[in-house]
Chemist: 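Next up is a structure, given as structure tokens.
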Amino acid sequence: MAASAANRACRRVVRLGIALAAILLAPDAAPFARAAPMAQNAEPRITYSDNPSFRIPFNIQDPAMLEQIAEVHLYVSSDRGLSWEYAGNTAPDQLAFPYRASRDGEYWFAVRTRDRQNRLYPPDMEQVRPKLRVVVDTTAPSVVVRSLPRRAGVVGIVWEVQDEHLDLSTFMLEYQVQGAPANAWRQVRTSPRIVGEARWEVGTGLPVTVRVTVADHSGNRGSAEQLLPDGLAEAPGAGSAPSAGAAPPPILARRASDPSPGRSGVSDDPFAGIDDRPPPSAAPRTVTSAPARPQAASPPARPSPGPGPAPAAPSQPPADPGGTRIIASPRFPLSYGVEDASVESLEVVEMWVTRDGGQTWESLGTDPDRRSPFHVDLGGDGRHGLRIVVQSQNGLGDPRPTAGTPPEFEVIVDTTPPRVSLDSAGIGSGDEAGSLVVEWRTEEPHPAETPVVISIRPDAPDAIWQQITPALPDSGRFAWPLPPNVPARFHVRLDVFDAVGNQNAVETTDPIVLDIPRPRGRILGLDPSARVRSSPLR
């Protein structure tokens with residue numbers, strides 16, 4: 001009988017422990033965020049909170065058990081269950097623990113019960129299992145926005161967002177034209193990425209304010225704005241391109257000593273400034289052509305330029321036919337993740353690179369803070385394969401790559417501008433009489449879809465380049481019908497871009513001179529309607 005009574009008491013204690021249901025945040029705590037999916041037999045799903053203070057409720061499903069439970073004890077772990085700290089107790093009828101986190105981080109919570117016979121369940125801490133995982137995150141994401149050179153109505157930016165618990169589904173890119181009603185923001189469709197680039201048409205040359213906003217899983221929201229100057233500030237030519245036969249916009253005066261927009265030839269590095277190392281020096285890459293000469297041959301029928309400015313660049317880096325991403329800088333932040341380990345337990349996060357498809361591997365160094373992203377410096381152009389190696393303090397983790405190990409991620413770095421030569425630029429003849437005919441050649445392994453833009457400027461010391469075409473295919477030849485107000489003497493320039501925005505330019509050294517008839521005069525006779533002044537008498 002005594003043994004039977006003891007067994008019943010033991011089973012009652014077990015039922016008391018089982019009566020504790022899964023713990024959830026109280027309704028008056030921070031709002032729920034999306035929880036990560038939980039694999040079978042894994043820890044409870046994560047709940048995010050932007051407030052360090054919240055309530056942890058508990059629920060005893062069987063009211064009859066309340067009479068047997070004396071106290072409910074709360075335990076917390078800040079190292080993912082490696083150690084537990086007693087966080088207080090309360091009576092079972094209180095049904096909640098108040099808790100305040102001392103800092104941001106991930107906290108695991110578990111409970112034990114003490115019955116009226118002073119017995120604890122579970123009996124020892126080895127059997128304690130977490131019932132709730134809470135990530136306290138009170139810091140808003142970091143958002144950095146940089147502008148790309150503007151070409152008339154086509155604007156562009158590069159952005160970088162960072163947060164340990166970033167929710168890219170909330171990413172939003174918007175713009176607002178100067179003079180528009182307040183809060184008249186327009187959204188730009190683009191792929192949400194940690195580091196990205198976008199170009200799009202805004203339909204005006206007025207200044208534009210661009211805004212990037214993103215939130216983390218706790219609901220903290222980060223935002224950054226960038227003012228893009230008017231379309232004349234950085235454009236090869238002001239305003240959108242004219243249609244065939246139309247007069248170009250007015251030629252604007254500027255000092256000859258001022259650098260021409262877009263003439264540096266230096267590719268914009270979308271990742272410059274993200275680390276402590278200065279960007280490479282900006283050396284001009286401009287090719288000077290031979291003197292222009294008139295085109296005498298009668299070429300095929302002239303093409304007509306289409307309306308509108310240059311097309312927008314893709315929202316993410318372009319890819320080669322094999323799918324490898326092409327980027328314009330050897331330095332960039334590479335996002336990575338670590339599974340089944342905390343940052344505190346990691347000993348090393350190391351990046352490896354191969355330049356021969358995995359036959360040989362070289363270490364690029366380690367990540368000092370062991371937190372994403374890894375700031376990569378590949379050193380120069382070419383195809384590079386990357387592989388990350390993480391190891392814990394006990395030596396477990398990824399093996400270092402050896403000969404034959406395939407890369408996890410591949411990029412093609414292209415910092416070299418296209419090669420371009422201006423073969424001829426002059427006034428056409430025959431069917432193309434009255435048109436400016438330009439012929440050129442380019443060499444580029446990663447060409448843009450429409451990489452060529454043609455501009456002119458008067459042969460004067462104070463003149464600006466004026467874009468006369470939209471972005472053209474690399475056909476090697478173009479004929480532009482001359483409008484009535486074209487200058488009598490002018491120069492021609494070609495700007496050529498590759499798929500990642502590297503630019504080169506070439507221009508004529510001698511002006512194009514239009515064949516204007518020489519004025520001559522002759523006497524027609526007396527004008528009978530004119531009054532002749534009489535000479536005074538002497």
Chemist: Within the structure provided, determine whether L378 and L386 are in side-chain contact (heavy-atom separation under 4.5 Å).
Modeler: yes
Chemist: Tell me the closest heavy-atom pair linking Y336 and D367, and the distance in Å.
Modeler: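 Shortest heavy-atom separation between Y336 and D367 comes out as OH-OD2, 2.6 Å.
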Chemist: Pick out which of D398, V348, T366, V349 makes a side chain to side chain contact (heavy atoms under 4.5 Å, CB included) with V389.
Modeler: D398
Chemist: Would you find a donor on one side and an acceptor on the other, under 3.5 Å apart, between the side chain of T415 and the backbone of S329?
Modeler: no
Chemist: To the closest 0.5 Å, what do you measure between CZ (F497) and CD (Q503)?
Modeler: 4.0 Å
Chemist: Measure the spacing between CG of L364 and NE2 of H375 and express it to the nearest 0.5 Å.
Modeler: 14.0 Å
Chemist: Looking at L166 and P141, what are the two nearest heavy atoms and their distance?
Modeler: CD1-CB, 3.9 Å
Chemist: If you round to the nearest 0.5 Å, how far is CZ of R133 from CZ of R45?
Modeler: 11.5 Å
Chemist: Strictly distance-based, threshold 3.5 Å: is any side-chain N or O of Y107 a donor or acceptor partner for the main-chain N or O of D79?
Modeler: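 Not a single qualifying donor-acceptor pair exists.
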Chemist: Are D167 and S169 close enough, and set up right, to give a side-chain hydrogen bond (donor to acceptor under 3.5 Å, both in side chains), and what steps lead you there?
Modeler: CA-CA 5 Å; D167 183 4; S169 67; 2.6 Å; yes
Chemist: Check whether any side-chain heavy atom of W200 lies under 4.5 Å from a side-chain heavy atom of V155, and answer yes or no.
Modeler: yes
Chemist: Report yes if the distance between the aromatic ring centroids of Y99 and F109 is under 6.0 Å, otherwise no.
Modeler: yes
Chemist: For the backbone of L346 and the side chain of R370, can you confirm whether one donor and one acceptor N or O come within less than 3.5 Å of each other?
Modeler: yes
Chemist: Would you say N504's side chain and P418's backbone share a donor-acceptor pair under 3.5 angstrom?
Modeler: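 Present.
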Chemist: For Q359, is the CD atom crowded, meaning more than 12 foreign heavy atoms sit under 6.0 Å from it?
Modeler: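 Buried by this count: over 12 neighbours within 6.0 Å.
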Chemist: Restricting to side chain to side chain contact (heavy atoms under 4.5 Å, CB included), what partner residues turn up for R129, sequence neighbours left out?
Modeler: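 Testing R129 for side chain to side chain contact (heavy atoms under 4.5 Å, CB included), a comparison that skips the adjacent residues, returns none.
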Chemist: Less than 4.5 Å apart, side chain to side chain, heavy atoms only: is that true for V210 and V208?
Modeler: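 They are in side-chain contact.
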Chemist: Cut-off 3.5 Å, no hydrogens considered: what does the side-chain donor-acceptor table look like for residues 399-411, sequence neighbours left out?
Modeler:
{"unit_1": "R400", "atom_1": "NE", "unit_2": "E350", "atom_2": "OE1", "d": "3.0"}
{"unit_1": "R400", "atom_1": "NH2", "unit_2": "E350", "atom_2": "OE1", "d": "3.2"}
{"unit_1": "T405", "atom_1": "OG1", "unit_2": "T402", "atom_2": "N", "d": "3.1"}
{"unit_1": "T405", "atom_1": "OG1", "unit_2": "T402", "atom_2": "O", "d": "2.9"}
{"unit_1": "E408", "atom_1": "OE2", "unit_2": "I388", "atom_2": "N", "d": "2.9"}

Chemist: I need the minimum non-hydrogen distance between F97 and V72, along with the two atoms involved.
Modeler: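 Shortest heavy-atom contact: CZ-O, 3.1 Å.
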Chemist: With the side chain counted from C-beta on, respond yes when I157 and V212 share a heavy-atom pair under 4.5 Å apart, and no when they do not.
Modeler: yes
Chemist: Of all the heavy-atom pairs spanning W361 and G385, show the shortest one and how long it is.
Modeler: CZ3-O, 3.9 Å
Chemist: Could you check if a side-chain atom of M172 sits within less than 4.5 angstrom of a side-chain atom of Q187, using non-hydrogen atoms only?
Modeler: yes
Chemist: Nearest 0.5 Å please: distance from the CG atom of L173 over to the CZ atom of R186.
Modeler: 13.5 Å
Chemist: Sub-3.5 Å donor-acceptor pair from the side chain of R150 to the main-chain atoms of P229, do we have one?
Modeler: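 The answer is yes, because a donor-acceptor pair under 3.5 Å joins these two groups.
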Chemist: With a cut-off of 6.0 Å (strictly less than), are more than 12 heavy atoms of other residues, nucleotides or ligands near CD of E225?
Modeler: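 Atom CD in E225 is crowded, with more than 12 foreign heavy atoms closer than 6.0 Å.
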Chemist: Mind running side chain to side chain contact (heavy atoms under 4.5 Å, CB included) on R383 and T324 for me, showing each step along the way?
Modeler: CA-CA 9 Å; R383 180 183 288 264; T324 303; 3.0 Å; yes
Chemist: In terms of ring plane angle, is the pair Y86 and Y75 parallel, tilted or perpendicular, where the classes change at 30° and 60°?
Modeler: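 Ring orientation, 0 to 90° scale: perpendicular.
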Chemist: Only counting residues at least two apart or in another chain, list the ones meeting side chain to side chain contact (heavy atoms under 4.5 Å, CB included) with P192.
Modeler: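 For P192, the residues satisfying side chain to side chain contact (heavy atoms under 4.5 Å, CB included) (neighbours in sequence not counted) are L168, F171.
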Chemist: Are V143 and S223 side-chain neighbours, meaning at least one heavy-atom pair lies under 4.5 Å?
Modeler: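 Answer no - side chains too far apart.
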Chemist: Check whether W159 reaches the backbone of R193 with its side chain - one donor and one acceptor, N or O, closer than 3.5 Å.
Modeler: yes
Chemist: Return the set of residues passing side chain to side chain donor-acceptor pair (under 3.5 Å) with D216 (not counting sequence neighbours), or none when no residue passes.
Modeler: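 Once residues adjacent in sequence are excluded, the partners of D216 under the side chain to side chain donor-acceptor pair (under 3.5 Å) criterion are N220.
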Chemist: What's the shortest heavy-atom distance between E444 and T416, and which atoms?
Modeler: OE1-O, 3.9 Å
Chemist: Could you check whether any side-chain heavy atom of R146 comes within less than 4.5 Å of a side-chain heavy atom of Q226, counting everything from C-beta outward?
Modeler: no
Chemist: Among residues at least two apart in sequence or on other chains, which ones pass side chain to side chain contact (heavy atoms under 4.5 Å, CB included) with Q176?
Modeler: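 With neighbours one apart ignored, the set is A180, A184, W185.
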Chemist: Show, in sequence, the C-alpha distance, side-chain angles and deciding distance for L120 and H73, and conclude whether the side chain to side chain contact (heavy atoms under 4.5 Å, CB included) test is met.
Modeler: CA-CA 9 Å; L120 292 173; H73 295 187; 4.0 Å; yes
Chemist: Any idea which heavy atoms bring G380 and P330 closest together, and the distance?
Modeler: N-CB, 3.7 Å
Chemist: Kindly compute the distance separating CD (E443) from CG (D474), expressed to the nearest 0.5 Å.
Modeler: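 Reported to 0.5 Å precision, the distance equals 11.0 Å.
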Chemist: Check whether T354 reaches the backbone of T360 with its side chain - one donor and one acceptor, N or O, closer than 3.5 Å.
Modeler: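 Indeed, once roles are kept as given, a pair shorter than 3.5 Å links the two residues.
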Chemist: Sequence neighbours excluded, which residues qualify as side chain to side chain contact (heavy atoms under 4.5 Å, CB included) partners of R100?
Modeler: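 Testing R100 for side chain to side chain contact (heavy atoms under 4.5 Å, CB included), a comparison that skips the adjacent residues, returns P52, S53.
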Chemist: Say whether, by atom type as modelled, one donor and one acceptor occur between the side chain of T170 and the main chain of A215 under 3.5 angstrom.
Modeler: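 Present.
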Chemist: Do D137 and H165 have a side chain donor and acceptor closer than 3.5 Å?
Modeler: no
Chemist: Test D50 against T138 for side chain to side chain contact (heavy atoms under 4.5 Å, CB included), laying out the working first.
Modeler: CA-CA 5 Å; D50 64 348; T138 62; 5.5 Å; no
Chemist: Does the side chain of V195 reach to within under 4.5 Å of the side chain of F332, using non-hydrogen atoms?
Modeler: no
Chemist: Using a 3.5 Å distance criterion without hydrogens, assess whether the side chain of R112 forms a donor-acceptor pair with backbone atoms of P123.
Modeler: yes
Chemist: Just verifying a value: how many Å separate N89 CG and L74 CG, rounded to the nearest 0.5 Å?
Modeler: 9.5 Å
